[in-house]
Every structure is written in C-alpha cells, then in structure tokens.
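Heads up: the structure comes next, in structure tokens.
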Amino acid sequence: MRAAAVRSTARAMTTTRFAPSPTGLLHVGNIRTALHNWMLARQSGGRFILRIDDTDAERSREEYVDAIRADLAWLGLDWDQEERQSARRPRYDAAFAALLEAGRIYPCYESAQELEIKRKIALGRGLPPIYDRAALKLSDAERAAKEAEGIAPHWRFLLDHDEPITWIDGIRGPQKFEPAQLSDPVIRRADESWLYMMPSAVDDIDMGVTQVLRGEDHVTNTAVQIQIFTALFAAGFAATESAAKSPPAFAHEALLVGAEGKLSKRLGSLGCDAFRDRGIEPAAIIALLSRLGTSQPVEPIADRDVLIQSFDLATFGRAPARFDDEDLDRLNAGIVHQLSFEAVQHRLPEGMDAAGWHAIRPNLAHVGEVSEWWQVVTGPVMQPEFSDEDKAFLAEAARLLTWSDNPWGALTAALKDATGRKGKPLFLPLRQALTGMEHGPDMGELLPLIGEDEARARLAQAAG
Ligand code: GLU
C-alpha cells in the first residue's frame with residue numbers, strides 16, 4: 001500500500017468533551033450533553049474529556065467542581081482525561097499572541113455603558129445590535145490617548161467578513177452564517193481574564209477534540225469559533241503532534257423542555273440530587289436521556305452497551321425534546337425490575353436474600369420501597385378485621401397449611417376443595433391475613449419467605 005493511501009485512511013481517534021462551567025450544579029440538560037458526548041466516545045473506543053470551564057474566577061466554585069465529578073461518577077460516565085481552563089492560561093496567552101500578530105485581535109476601549117447606548121441606538125433604528133467596529137478605526141494616537149487616560153482595553157476577535165461561515169451540523173444539517181451579521185466577539189476582558197469563546201477553541205485544538213456536541217444555544221458560538229479555529233491554524237498555532245489539525249465536527253441538539261412543552265425553570269435546577277432523593281436509578285436517567293428527542297423508542301434498557309451501540313445523531317429531531325417525569329418514573333420501575341441481587345445487595349434490608357429480592361422486585365417503583373415489603377415478610381403485619389365467615393375460612397387455612405416447594409399452590413388447592421371458594425374470596429382473605437395488604441408480590445414467592453411457622457401463626461391470629 002502506498003504511504004499516501006495509508007495516511008488518507010488513518011482517522012483521528014474520536015475525542016469528545018463535556019465542558020461544564022462550575023458555577024452551579026449540573027441540571028438535566030447538562031447531564032444529557034455529558035451523556036451524549038460520553039456515548040459518542042464509547043461507541044468508537046474513543047476518548048471522553050471532562051473539561052472544567054473555570055475561566056470565570058468569580059463565579060466558579062470548587063464545591064461545584066466536586067459535585068460535577070460526583071454526579072458523573074454516580075451516573076457511571078467515566079472520563080479519560082480531566083482538564084481545567086484555569087490551569088491553561090499560558091496556552092491562551094500564546095493563542096492570543098498568535099492572533100494579535102496575525103491582525104485578528106484588536107483592542108477596544110468602550111465602557112459597558114457606551115456599548116449599551118450603541119446597542120439601543122441600533123435597535124431604535126430597527127437595526128441588529130452589531131458592534132460597529134469603532135475601535136478598529138482608532139489611530140495609534142487615539143489609542144495612546146485612551147491608555148494615557150488609564151483605560152485598559154478589552155479585546156475583540158476580528159471576524160472575516162469575506163465569506164459565509166458554513167458547516168454540516170451533525171443534527172441540524174447544513175448551516176450558514178453571514179459573519180457581517182455577527183458582532184466581533186469580546187474574547188478577553190480589560191482585567192485580562194478570558195471569556196469562553198477563544199479558550200474553548202484553543203482547548204479543542206490542543207486536546208485533539210474531533211466532535212463537539214452541545215446544545216443549540218451554542219450554534220452562533222460555533223460560527224464564531226469556526227473562524228477562530230481557522231485563524232489559529234493559519235497562524236500556525238496547532239504545533240503539537242496530538243493537536244487537532246482541522247476544526248472538530250459540530251452537532252447541536254435541540255433543548256429540553258418540560259412536559260408542558262416550554263423551557264422550564266424547574267428543568268434548569270433539576271439534577272442528580274433530586275433524582276437520587278426520588279429514588280431514580282442512574283440507569284433510568286441514562287435510558288431516558290439517551291433516546292429522548294430521537295426517533296428511537298424510549299425503553300427501560302438497562303444494558304448500556306445496547307444504548308451506546310444504538311446511539312445515532314442522525315436519529316435526533318430538531319424539535320425540542322420533552323422531558324417528562326412520568327416517563328422517568330415508568331423507566332425507573334422497568335429498570336428496578338431488572339436489577340440483579342448483586343447490584344442492589346448493599347441497599348437491601350438486613351437479612352434479605354436473593355429469593356427475597358426476586359419475589360419483591362416486580363412490585364417496586366423504587367428500590368427504597370423494598371423495606372416496606374420486607375417488613376411484610378419479617379412481620380409483624382397489621383391485619384384487617386375479618387368477617388366471621390372469613391375467620392372460619394382462615395381457621396381452615398391454618399389447619400390445611402402444609403409445607404413443600406410450593407406451599408401457596410398446595411394451600412389454595414386444598415382450600416378450594418374444602419370450601420368451594422375460588423377467585424377473590426379464596427385469595428384475598430389469605431393475602432390479607434398473611435401480609436396485611438390487599439395487593440403485593442406474588443404470594444407463591446412470598447409465602448416461602450414468610451416461612452411455615454410464621455405463616456401458620458398469622459393465619460391463626462386472623463382466625464381469631
Ligand atoms: N462551558 C460552556 C457551557 O457550559 C461549554 C460549551 C461548549 O461545550 O463548548 O456552556
């Protein structure tokens with residue numbers, strides 16, 4: 001094989017990243033983005049990077065960094081590499097220098113108030129509030145005068161207006177932006193701190209990110225960042241072996257809305273703590289969020305590999321995805337019914353064994369409810385007051401109880417013969433006497449757990 005052919009078939013390893021700002025707890029929208037990036041990486045044996053976007057020193061908190069890590073760990077979303085923007089300032093300085101040198105960054109001196117006035121004037125004239133590039137027109141002398149007044153500049157990236165910005169979005173299809181319709185973005189503040197736009201592109205290059213999958217609120221950022229990538233490559237910035245040599249592929253997913261179809265405040269604060277408190281299993285969240293908003297059915301699939309292998313951006317719709325708590329509860333029950341004894345053992349009441357778990361599992365909406373049912377097995381149970389007729393029936397039951405592999409089958413068959421009862425009159429008083437409940441796990445499985453002596457005692461007590 002010729003060398004050129006080898007090169008053209010060698011593709012960079014899929015590398016994705018989840019880049020939360022540690023200014024709060026993860027909410028369901030962030031969790032979904034993290035999950036999808038994790039799936040893309042795991043699907044192809046690639047790398048998943050956790051990147052902490054902590055350039056905003058004032059709003060970033062270490063406790064949120066810890067909480068983000070803990071939430072991802074609880075969800076089982078493992079990462080191969082962790083990065084922090086606050087530790088990468090020298091790289092941003094280098095990128096800044098390269099772009100400055102290339103004439104793609106310029107200093108600006110307007111105050112926030114001045115910018116606000118410009119914005120209002122533009123809007124008042126019915127024009128889009130696009131920055132007018134006044135600072136670009138300043139002469140050296142004018143700039144020197146601003147600095148002599150003690151005004152430190154903030155810095156904007158100079159968008160190239162020559163050609164439209166285009167990309168094929170993995171979810172939205174072909175995208176096109178006219179750069180002249182966008183403001184040159186501020187990339188660095190007057191206090192030299194960084195805004196999100198450039199560091200993110202620098203990181204994606206340095207970390208060899210091949211796919212950026214994020215919410216559609218970032219679509220315009222992508223247009224700008226594509227120009228930043230291109231400018232950085234043109235300035236020879238991607239120096240290292242592992243660095244990306246071209247912009248990543250982009251995909252933007254529709255946002256999540258509440259069941260009522262609107263962007264909801266509640267979703268913005270709904271996170272892992274609330275799910276845990278409600279007894280929701282990580283697997284239920286994963287099953288829901290991996291398929292929500294796609295054309296694939298949302299099902300209680302407990303096997304992550306199945307979800308990973310079927311994950312496909314082409315199945316994502318462009319309409320907002322509806323997040324419904326009822327779906328989550330339904331999936332949770334479906335997942336709980338599949339949990340193995342080994343998986344839940346440490347969460348079960350003392351003394352409960354695999355047989356107990358398997359008998360009770362189909363009745364649970366949440367694992368936490370298991371103690372209530374285990375209490376039914378271990379007793380004491382609260383029996384209702386029975387009619388005289390039922391008391392006589394239960395006395396007969398106590399007499400006829402024998403023990404075997406299938407004591408429930410034997411008891412109900414013997415009682416049917418002896419009393420002629422069938423259906424509800426046969427089963428209900430027995431269930432009530434043995435468990436104190438009208439509904440519950442299969443008695444065939446429950447009775448062996450209750451045990452012969454205890455069962456006889458309960459029947460005798462009910463008989464009065
Ligand atoms: N820190 C940014 C955010 O949370 C990251 C966006 C991105 O994925 O590039 O919105």
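As the structure is a computational prediction, the values presented were derived from the model and not from experiment. Below, each value reflects all heavy atoms present in this structure, side chains not excepted, and no hydrogens, waters or symmetry copies.
- In this structure, Glu253 CD and Arg172 CZ are separated by 11.5 Å, a value rounded to the nearest 0.5 Å.
- For Arg69, the side chain to side chain contact (heavy atoms under 4.5 Å, CB included) partners are Leu50, Val65, Asp66, Trp79, Glu82, Arg84, not counting sequence neighbours.
- Counted within 6.0 Å of CD on Glu326, heavy atoms from surrounding residues, nucleotides or ligands total 12 or fewer; the atom is thus considered open.
- A side-chain N or O of Arg291 and one of Ser310 form a donor-acceptor pair less than 3.5 Å apart.
- Summarising the geometry of Ala95 relative to Leu232, their closest heavy-atom pair is CB-CD2, 3.8 Å, with the distance given to 0.1 Å.
- Contact check on Asp327 versus Arg322 returns no salt bridge, with no Lys/Arg side-chain nitrogen under 4.0 Å from an Asp/Glu carboxylate oxygen.
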message: For Arg42 and Asp80: C-alpha separation, side-chain torsions, deciding distance, then whether salt bridge (charged side-chain N to carboxylate O under 4.0 Å, His left out) applies.
response: CA-CA 11 Å; Arg42 294 293 169 258; Asp80 306 299; 3.2 Å; yes

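- Aromatic ring centres of Trp194 and Phe96: separated by under 6.0 Å.
- The ring of Phe311 has its center closer than 6.0 angstrom to the ring center of Phe316.
- Salt-bridge check for Arg278 with Asp329: passed, with a basic side-chain N closer than 4.0 Å to an acidic carboxylate O.
- Shown here is Glu350, whose CD atom has no more than 12 heavy atoms of other residues, nucleotides or ligands within 6.0 Å.
- By the ring-ring contact (aromatic ring centres under 6.0 Å, His included) test, Tyr109 is found to be paired with no residue, residues two or more places apart in sequence or in another chain being considered.
- In this model, no donor atom of one side chain and acceptor atom of the other lie less than 3.5 Å apart for Arg89 and Thr55.
- Residues Leu255 and Pro320 have side chains not in contact (no heavy-atom distance under 4.5 Å, counting atoms from C-beta outward).
- Atom CG of Asp191 sits in a crowded spot, with more than 12 heavy atoms from other residues, nucleotides or ligands closer than 6.0 Å.
- Between Asp325 and Arg266, at least one side-chain nitrogen of the basic residue sits less than 4.0 Å from a carboxylate oxygen of the acidic one, meeting the salt-bridge criterion.
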task: Apply side chain to side chain contact (heavy atoms under 4.5 Å, CB included) to Ile226 and Phe250, showing your working.
output: CA-CA 10 Å; Ile226 284 178; Phe250 289 95; 3.8 Å; yes

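- Residue Tyr196 holds its OH atom at 8.5 Å from CD of Gln85, rounded to the nearest 0.5 Å.
- Within 6.0 Å of CD in Glu58 there are 12 or fewer heavy atoms belonging to other residues, nucleotides or ligands.
- Side chains of Trp408 and Asp442: a donor-acceptor N/O pair is absent below 3.5 angstrom, by distance only.
- Looking at Thr222 and Gln225, their side chains never bring a donor and an acceptor atom within 3.5 Å of each other.
- Panel note: side chain Asn221, backbone Met197; no donor-acceptor pair is recorded below 3.5 Å.
- Between the side chains of Thr435 and Arg431, no donor-acceptor pair is found at a separation under 3.5 Å.
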query: Given the rule in the side chain to side chain contact (heavy atoms under 4.5 Å, CB included) test, do Asp56 and Leu195 qualify, once you have shown the distances and angles that lead to the verdict?
result: CA-CA 8 Å; Asp56 186 340; Leu195 282 119; over 6 Å; no

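- Side-chain contact of Arg47 with Gln81: a donor-acceptor pair under 3.5 Å is present, judged by distance alone.
- In this structure, the side chains of Ile49 and Phe18 stay at 4.5 Å or more apart for every pair of heavy atoms.
- Here the CZ atom belonging to Arg17 is positioned 4.5 Å from the CZ atom belonging to Arg51, to the nearest 0.5 angstrom.
- Applying the 6.0 Å contact sphere to CZ of Arg133 captures more than 12 heavy atoms from other residues, nucleotides or ligands.
- Tested against Asp132, the residues Lys118, Arg119, Arg156 include a single salt bridge (Lys or Arg N to Asp or Glu O under 4.0 Å) partner, Lys118.
- In this structure the side chain of Phe233 never reaches within 4.5 angstrom of the side chain of Thr230, judged on heavy atoms.
- Between Asp169 and Lys176 there is no salt bridge, since no side-chain N of the basic residue sits under 4.0 Å from a carboxylate O of the acidic one.
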- request: List the steps, then state whether side chain to side chain contact (heavy atoms under 4.5 Å, CB included) holds for Ile360 with Glu369.
  value: CA-CA 10 Å; Ile360 290 171; Glu369 295 165 357; over 6 Å; no

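- Considering CG of Leu339 and CD of Gln345, their distance stands at 13.0 Å, rounded to 0.5 Å.
- Separating the CZ atom in Arg104 from the CG atom in Asp160 is a distance of 5.5 Å, to the nearest 0.5 Å.
- No close placement of the Phe341 and His358 rings is indicated, their centers lying 6.0 Å or farther apart.
- Taking CG of Leu288 as the start and CG of Leu328 as the end, the distance is 5.5 Å to the nearest 0.5 Å.
- The minimum heavy-atom distance linking Pro179 with Pro164 is given by the pair CD-CA, 3.8 Å.
- Here the shortest heavy-atom pairing between Ala190 and Ala152 reads CB-O, 3.6 Å.
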